[in-house]
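So you know, we letter chains A, B, ... as the sequences are listed, proteins then strands, and number each from 1.
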Amino acid sequence: MALKIVKGSIDRMFDKNLQDLVRGIRNHKEDEAKYISTCIDEIKQELKQDNIAVKANAVCKLTYLQMLGYDVSWAAFNIVEVMSSSKFTYKRIGYLAASQCFHEGTDVIMLTTNQIRKDLSSPNQYDTGVALTGLSCFVTPDLARDLANDIMTLMSHTKPYIRKKAVLIMYKVFLKYPESLRPAFPRLKEKLEDPDPGVQSAAVNVICELARRNPKNYLSLAPLFFKLMTSSTNNWVLIKIIKLFGALTPLEPRLGKKLIEPLTNLIHSTSAMSLLYECVNTVIAVLISLSSGMPNHSASIQLCVQKLRILIEDSDQNLKYLGLLAMSKILKTHPKSVQSHKDLILQCLDDKDESIRLRALDLLYGMVSKKNLMEIVKKLMLHVDKAEGTTYRDELQHTCNTKLCNCSTLILLRYISILVELTRLEGTRHGHLIASQMLDVAIRVKAIRAFAVAQMAMLLDNAHLLTGNMQRNGICEVLYAAAWICGEFSEHLEDPNQTLEAMLRPKVATLPGHIQAVYVQNAAKLFATVLRKHEGATDSQAAQETSQLLVERLPLFVQSANLEVQERASCILQLVKYIQKLQQKDVEVAEEVSALFAGELNPVAPKAQKKVPVPEGLDLDAWINEPPSESESEDEKPKAVFAKEETKHSRPRHTEVDEKELARRREARKQEQANNPFYIKSSPSSQKVYQDAPGVEHIPVVQIDLSVPLKVPGMPMSDQYLKLEEERRQKEKAEKKKKEKKKKREKHGKGKKHDSGPESEEDITPAHHVDIVTEEMPENALPSDDDDKDPNDPHKVYDIQGNLQDGSQVVVSVIFENKSDSFLKSMEFNVLDSLNSKLQRPEGAGPHDGLVVPFQLPPGVSNEARFIFSVQSIVMPQKLKGTLTFIVKSEDSSTHEKLDFKLHFTCTSYLITTPCYSDAYAKLLESGDLKSSSLRLEGVNMPFHHLLARICFHHHFSVVERIDSCASMYSRSIQGHHVCLLVKTADQTVSIDAKCDEPSLLGNVLDEIKQTFSQC
Amino acid sequence: MLMQFMLLFSRQGKLRLQKWYVPLSDKEKKKITRELVQTVLARKPKMCSFLEWRDLKIVYKRYASLYFCCAIEDQDNELITLEIIHRYVELLDKYFGSVCELDIIFNFEKAYFILDEFLLGGEAQETSKKNVLKAIEQADLLQEVN
């Protein structure tokens, strides 16, 4: 035995220890893998020995190899052996190895439970310490369950060293075994007031992490944390607590108000940047969540912005970066405060650090307004030229393309030139976007066409400069737009001949097919223009030369592999040849050729189609063909959402298939519109131009501020615009100042501060008025979407038409019918307002005044009047009492009479029939936000489709889909609540399962549905 | 402040220390390590210490030839993470006496022990340098006695 030990230690002397291994690896740089594999073999031998010291040494080396990326999972059991050693030296190594190598899938972990429990209760605090440390890395749900109690006990250990570790590891235990949270929480809370600051801070850490995941359970601790925040001086703890409050405030706005003061105090007093940053971030978050109801928050925002400015001005890149990051959060809610620091942010564009430049760019995105646009764009353009780094560059261009250029009509011209400049940049990936923007602007804004055409012609002429690697980058898409614009608006071209020549260069054949096709077609348009130009003149030679040019160049395109190009080219080639013949006979052809391309292209309003009245006798829902066969529609059937119903084979209803078909067609149409550049899409970006006039009805002529000269010769340069612009504005300002001075003298008030330079906040007065092309509307279009009204017997039933207006206004149409033989006049309609529903009366009227009905009623006549009610809560039905007073005029006398009535606002009346597609419907139901409820109706003796029709008609639902005797229906309240129904019928029993995000609304709607069916 | 993991690697991209506070498979760990080492080494010296990576924030700092790189969650405080890194470097410095890369290579288990006394489960457990070093010294003493 003794001999064995001696032998063991002699062996050890020849073993490699960790240092030897590391040294060996460093010495075998060339054949590292080979060297390590021999080492692993040695380690395997060492692990077979009984000597724990040898094993521990081997395990230590394995831990090192594991870090280098070698698989050591095979040695897991040996690691457990070393962990179990009674000697701290080895135990420490064992636990380290375990914490580095074990993960949830390691099966030997199961074997460690008892060993760990033993170590946790060891009298030596360091044994307990390593066990806790190790456990924090490899705790599994099983270990957490088995050891939760032991660790909980350790939270009250006599030594703070153990207590703080135990508290921290409890968080990991909670994550793995959530059931342990409830029993452990009281003790954890106790630790918030532990005498040892380390334990206290550990408890704060754990509770903060917990609260971040589920804030509402920890609201009750807010007072305790508030106390800690005002008393603690440990920055680490303070940061945690502040973060915790950040998570709590969205749930409890009052807390936010209370927080602002101590937080601003900290911002003023602290010298620790990390704490300052945390405070600023939390103040921002709190203000965002409060957003309203904070009277005095602009001071706090100002403070934050000021502090952030200091961070951004700091020479430390890290502070700069974080300052910009936080600034962008403020920007979302308080853009004005950030805008005043534009200078600083523009400076950051020059920073050496790309990530800082990106942040600054991000900020500029949000900061652009009409007033500072020019300057920002100018600065950006300078940057595009020298920008380094691909991401940054890409981002930069994207900013220019979309954000900046969309924001105002003011800069349409600038826009074109920016677009043109952008194309000159190498490596842009936004060719397509640029092209569509060019088309969009050129088509819609007449005034800039001439300018656009000139620019485009230049672009076409210099196409070869753009080439290079442009095919790959998609910048050639721009040529598509250029060619089309030059062709379509060729009357603006100065030298159509030259452009025509440019478009027919052999190099064009290398462009993608769809662009060539546009080239060919527009070459023909240009040809027509050239002919017309030369017709009047005596110089027939020039026209003939042009024809010749086409005849020579077009065959190139006739050979194109692209069908579209080929077809167009051969067609046009023949045409030109024919024209050539006529020209030789001195026949005037220009008129006829131009007629080929006559007619102006106007943009179409997005709603135009809807406005076309359906011609009489046309039933859009009727089948043109036989409906598709049963088997087909069976395949298409989407999955049922509420429950699966056994499908009985019956012919599906037309209505249902119609719905699907319509949806499909609608989708197809949208697709088509999206692909059609001349169709004004309903996407927000293209509508932005019309921001000021939301309804189509108001669009016809829009005056836009366009303070840029309309024609600028030569290549567009941003500087020119900027200069002109500034000059003009300065002149204006000078004039204004003069005027103001006069005023001042009269009033001798204090001098107003005047900003100087282009950043002025004054509005820019328009220099030119430009009319945007009227969107085409079909003739006899209806002025607005009319709601269907069904007249009901007046004085008894009032039909209430819920119209969505601001989510809380309801329009009530009341039909008055005079059933008497006398003439009725001076009618006054009045309703006793409730807290919830109020009749909207004209300004100045008292709350009990009646509204004059704007008509008189001869005998037997009926008429309709509308009244607007503002409604706060729509979840309960309401009855409003009202009176109608009127004068009955008979032949010899007139009497004053009144009629009492009740206005019944059912919950149904707040629902609006809203179509819903089955996939959206399914998503809605799966979201789990909806509460459910159900209803059973017995003895309903009507066909299922009648039943559905009744629900649709009386309760404003629409059928989402119907499968046999089961249908899903949808409706929406004026305040946006979703109401979903699943209606099933079997043997005169109808069951309705319903879901809605507002349970009381749902209950009332269901009651009303029940009511409807009990009446029949 | 819940750190996801901490990596130490050299300018040549060699991993010197790794500590994972989130359970991940070895494969995933290797992938993340490779990706981050590349990303961080590619950054220019004048650049700031933060970068957004996947849905995490990476905070790194270079000390001599070693990069210390931590991953934190979105709401976490970058500056305090930098402080943690710096505190750890100070601890190493105190323990080894002006620490260099070789100290960490040859005594990597000690570097882990120090880290474990400083951070536990990704949280700072001890903000006092003195206490951390005291705990390490006493544990080492225990080791010598054995």
message = Tell me whether Glu52(B) is salt-bridged to Arg359(A), with the criterion being a basic N under 4.0 Å from an acidic carboxylate O.
response = yes
note = Tightest non-hydrogen contact, residues Ser355(A) and Met47(B), listed as N-CE, 4.3 Å
query = With a 4.5 angstrom heavy-atom cut-off, which part of Leu175(A) approaches chain B: side chain, backbone, both or neither?
reply = neither
ask   = Who are the side-chain hydrogen bond (donor to acceptor under 3.5 Å, both in side chains) partners of Asp71(A), not counting sequence neighbours?
value = Ser73(A)
query = Are His103(A) and Trp20(B) side-chain neighbours, meaning at least one heavy-atom pair lies under 4.5 Å?
reply = no
remark   = Most heavy-atom pairs under 4.5 Å with chain B, out of Lys172(A), Lys320(A), Met273(A), belong to Lys172(A)
note = Those residues at least two apart in sequence (or on a different chain) that pass side chain to side chain contact (heavy atoms under 4.5 Å, CB included) with Lys329(A) are Asn281(A), Ile284(A)
task = Without swapping roles, check the side chain of Gln317(A) against the backbone of Lys46(B) for a donor-acceptor pair under 3.5 Å.
result = yes
query = Are the side chains of Thr63(A) and Glu109(B) in touch, meaning some heavy atoms are under 4.5 Å apart?
reply = no
message = Check this for me, if you would: do Lys165(A) and Glu117(B) make a salt bridge, where the nitrogen-to-carboxylate-oxygen distance has to be below 4.0 angstrom?
response = yes
query = Is it the backbone or the side chain of Leu24(B) that comes under 4.5 Å from a heavy atom of chain A, or both, or neither?
reply = backbone
note = Contact list (residues 58-68 of chain B to chain A, heavy-atom gap under 4.5 Å, by number) returns none
remark   = Tested for side-chain contact (heavy atoms from CB on, under 4.5 Å) against Glu278(A), the lone hit among Asn77(B), Leu79(B), Ile80(B), Asp76(B) is Asn77(B)
message = Only heavy atoms, only distances under 4.5 angstrom. Which residues in residues 89-108 of chain B are near chain A?
response = Leu102(B), Ile105(B), Phe106(B), Asn107(B), Phe108(B)
